[in-house]
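Note that the coordinates shown come from a computational prediction; the quantities given were computed from them, not determined experimentally.
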Amino acid sequence: MAPTILIVDDEGDFIELVKFRLSALGCEFLVANDGVQALSQARQFKPDLILLDILLPDLDGISVCEILKRQPATKKIPIIFMSALSAGVTKRTVAMQAEDFFTKPLDLPRLERRVGELLHNH
């Protein structure tokens with residue numbers, strides 16, 4: 001069974017770029033365009049990895065991460081933040097047990113390597 005990645009971002013072109021780049025890993029993709037959809041998708045499908053933007057409509061990515069990490073059914077899902085915000089947010093992501101933080105524009109080769117590592121170890 002192919003690993004599943006939930007991509008959470010409100011920019012459709014960005015989602016398509018990430019899906020295209022990570023398709024070589026043989027993954028299946030779920031998509032959410034806001035924080036509320038992200039929580040629903042994560043709870044329903046329990047993906048192998050979540051790529052999570054911070055600046056989202058309805059509920060920001062930091063809140064989504066905090067909620068998922070408190071729930072037994074989703075707390076072990078690895079999360080990678082992707083954001084245009086500066087690396088100053090990184091300290092908070094580490095404290096919340098997010099696995100990594102990528103600043104937009106993404107270093108796509110590095111993202112592909114990191115996703116591969118996390119899926120291999122999950």
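Here the closest heavy-atom approach between residue Cys65 and residue Phe81 is recorded as CB-CZ, 3.6 Å. When all heavy atoms are compared, the tightest approach of Glu112 to Ala24 is OE2-CB, 3.9 Å. Ile50 and Ala42 make their closest contact through CD1-CB, 4.0 Å (heavy atoms, listed as atom of the first residue, atom of the second, distance).
Expressed to the nearest 0.5 Å, how far CD1 of Ile54 lies from CD1 of Ile62 amounts to 4.5 Å. If you take OG1 on Thr74 and CD on Gln41, they are separated by 13.5 Å, rounding to the nearest 0.5 Å. Separation of atoms CG (Leu6) and CG (Leu30) is listed at 5.5 Å; rounding is to 0.5 Å.
Without hydrogens or angle criteria, Glu99 side chain to Ile79 main chain gives a donor-acceptor distance under 3.5 Å. Thr4 contributes no side-chain N or O that, together with a main-chain N or O of Pro47, makes up a donor-acceptor pair within less than 3.5 Å. Side chain of Arg43 to backbone of Ala38: no donor-acceptor contact under 3.5 angstrom is found. Listed for the Lys69 side chain is no donor-acceptor partner under 3.5 Å among the backbone atoms of Ala98.
Under a cut-off of 6.0 angstrom, the local environment of CG in Asp13 is sparse, with at most 12 non-hydrogen atoms contributed by other residues, nucleotides or ligands. Around the NZ atom of Lys46, the shell of radius 6.0 Å holds more than 12 heavy atoms that belong to other residues, nucleotides or ligands.
When side chains are defined from C-beta on, Asp9 counts as touching Lys104, because their heavy atoms get closer than 4.5 Å. In this structure, the side chains of Leu68 and Leu39 come closer than 4.5 Å at one or more pairs of heavy atoms.
Under a 4.0 Å N-O distance rule, the pair Asp100/Arg110 qualifies as a salt bridge.
Through direct or relayed side-chain contacts under 4.5 Å between Ile, Leu, Val, Met, Phe, Trp and Tyr, Phe29 connects to Ile5, Ile7, Phe14, Ile15, Leu17, Val18, Leu22, Leu25, Val31, Leu49, Leu51, Ile80, Met82, Phe102, Leu106, Leu108, Leu111, Val115, Leu118, Leu119.
Every residue two or more places apart in sequence or in another chain that forms a side-chain contact (heavy atoms from CB on, under 4.5 Å) with Leu56 is listed here: Val8, Leu52, Asp53.
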